[in-house]
There are 2 protein chains.
Amino acid sequence: MDEIAEAAEKLKLLGDKTRLTILCLLKDREWCVCELVDVLSISQPGISQHMRKLKSHGIVNESRRGQWVYYSLRIQDKPYIQAVLDYMPGTAGTLSLLNKKEPGQCCN
Amino acid sequence: MDEIAEAAEKLKLLGDKTRLTILCLLKDREWCVCELVDVLSISQPGISQHMRKLKSHGIVNESRRGQWVYYSLRIQDKPYIQAVLDYMPGTAGTLSLLNKKEPGQCCN
DNA sequence: ATATCATATAATTATATGCTTATATACTTT
DNA sequence: AAAGTATATAAGCATATAATTATATGATAT
């Protein structure tokens, strides 16, 4: 697959409101699935499926700790994704767009 | 629509191989529809529909001159789109990915 | 006016996408 | 081992998307 096709595939992943929101939340810290469920208006399997796509394209890291699964950004080697996220709100700004507070203690 | 939703909508436009290729071709000069048809493996109505989407989101300018319609980038005010395209090939590199030469004199 | 060329729109179709509910897997605690 | 909690997978459905073909619009030239 050529350079353009590969970039298009990644950009398509960013081109979904829910996924882009997740990536914005991940800008400042890792999040576990239960926290994302708390904050986004979508079911747990919905979150899970989005994370699988992001993971399969190498955009997030997965880390199982105890019964929880934490996701974090993995975009050091993906400059144009970094560039996009640089122009997007971080955790706090995204939460306020969602009219949500930092999720409580669902995982610890 | 909030900031994230709006960005997602624009990124979705970039997340299609054909459209992203068109934007890469437009990096260095304007192109008319007939040239794009020459170079991309897609029908003329296909091109037309992609250009309409790009135009309706303000990503390209349209300029009718004679019987031809020329499109050019309009991304000065869209920094993250600029950033993405900065990492993508320009006209020449894109043509070589497509195994095509500069289109001949279809419009003049 | 008519013919020709360039582009746009409409209608259709096949496929992809995002979501939901139901169920399975994995880990932890008792 | 059994129950409880967190996450993942599967199946199904509704909508969106990108392509095609057919047709309409618009501009130019004879």
Side-chain angles (χ1 to χ4, degrees), chain A residues 1 4-5 8-23 25-26 30-57 59-72 98 103-108, chain B residues 1 4-5 8-23 25-26 30-57 59-72 98 103-108:
Chain A
M1 190 172 46
I4 295 178
E9 224 182 55
K10 296 222 166 76
L11 290 167
K12 186 178 297 185
L13 283 179
L14 305 203
D16 173 82
K17 183 184 164 150
T18 302
R19 277 191 301 267
L20 189 56
T21 302
I22 290 170
L23 295 176
L25 290 171
L26 291 180
E30 63 180 11
W31 280 63
C32 88
V33 176
C34 59
E35 291 178 305
L36 292 170
V37 173
D38 274 3
V39 148
L40 298 165
S41 326
I42 184 186
S43 65
Q44 176 271 317
I47 298 286
S48 219
Q49 285 158 17
H50 283 306
M51 299 322 287
R52 180 168 48 168
K53 285 189 190 181
L54 291 169
K55 191 179 106 186
S56 78
H57 284 79
I59 294 177
V60 300
N61 283 311
E62 180 185 289
S63 154
R64 298 191 91 99
R65 292 207 300 280
Q67 49 192 327
W68 296 284
V69 178
Y70 296 86
Y71 289 98
S72 56
L98 294 169
Q105 305 295 82
C106 67
C107 49
N108 49 8
Chain B
M1 190 173 46
I4 295 178
E9 224 181 56
K10 296 224 166 74
L11 290 168
K12 185 177 298 185
L13 283 180
L14 305 203
D16 172 82
K17 183 184 164 149
T18 301
R19 276 192 301 267
L20 189 56
T21 302
I22 291 170
L23 295 177
L25 290 171
L26 291 180
E30 62 180 8
W31 281 63
C32 89
V33 176
C34 59
E35 293 177 306
L36 292 169
V37 172
D38 274 4
V39 147
L40 298 166
S41 327
I42 184 187
S43 64
Q44 174 271 315
I47 298 287
S48 218
Q49 283 159 20
H50 283 305
M51 298 323 288
R52 180 170 47 170
K53 285 191 189 178
L54 292 169
K55 191 178 103 185
S56 79
H57 284 78
I59 293 176
V60 300
N61 283 312
E62 181 185 288
S63 152
R64 297 190 94 99
R65 294 208 298 283
Q67 48 191 326
W68 295 285
V69 177
Y70 296 85
Y71 289 97
S72 55
L98 294 171
Q105 304 296 82
C106 68
C107 49
N108 50 10

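Rounded to an integer number of Å, the gap from A/Gln49 CD to D/dA11 C1' is 10 Å. A straight line from CD of A/Glu30 to P of D/dT7 spans 12 Å, rounded to a whole angstrom. The distance from atom OH of A/Tyr70 to atom P of D/dA6 is 11 Å, rounded to the nearest whole Å.
The distance from atom CD1 of B/Ile42 to atom CD1 of B/Ile22, rounded to the nearest 0.5 Å, is 6.5 Å.
B/Glu62 and B/Arg52 are not joined by a salt bridge, as no carboxylate oxygen comes within less than 4.0 angstrom of a charged side-chain nitrogen. Salt bridge annotation for A/Lys53-A/Glu9: absent, with no cationic side-chain nitrogen under 4.0 angstrom from a carboxylate oxygen.
Heavy atoms of B/Cys106 sit under 4.0 angstrom from primed sugar atoms or phosphate atoms, though from no base atom. B/Lys53 comes within 4.0 angstrom of the backbone, heavy atoms only, and of no base. Using a 4.0 Å heavy-atom cutoff across all strands shown, A/Ile42 reaches sugar-phosphate atoms only and no base atom.
Under the 4.5 Å side-chain criterion, counting only non-hydrogen atoms from C-beta, B/Leu36 is not in contact with B/His50. Put simply, the side chain of B/Val60 reaches to within 4.5 Å of the side chain of B/Leu23, judged on heavy atoms. Inter-residue side-chain proximity for B/Asp38 and B/Cys106 is flagged as met; some heavy-atom pair is nearer than 4.5 Å.
Protein chain A contacts DNA chain C over a range whose 5' and 3' limits, counting nucleotides with an atom under 4.0 angstrom from a non-hydrogen atom, are C/dT17 to C/dT28.
For A/Val33 and A/Lys12, each mapped to the nucleotide of DNA chain D holding its nearest heavy atom, the one lying further toward the 5' end belongs to A/Val33.
Closest of all the heavy-atom pairs between B/Val39 and B/Trp31 is CG2-CZ3, 4.1 Å.
Here A/Tyr71 reaches the OP1 or OP2 of D/dA8: one of its side-chain N or O atoms lies under 4.0 Å away.
A heavy-atom distance below 4.0 Å to DNA chain C is reached by these residues of residues 59-69 of chain A, ordered by number: A/Gly66, A/Gln67.
In this structure, A/Arg65 is positioned above the aromatic face of A/Tyr70, its NZ or CZ under 6.0 Å from the six-membered ring centre and within 45° of the axis.
For A/Arg19 and A/Thr21, the side-chain atoms include no donor-acceptor pair closer than 3.5 Å.
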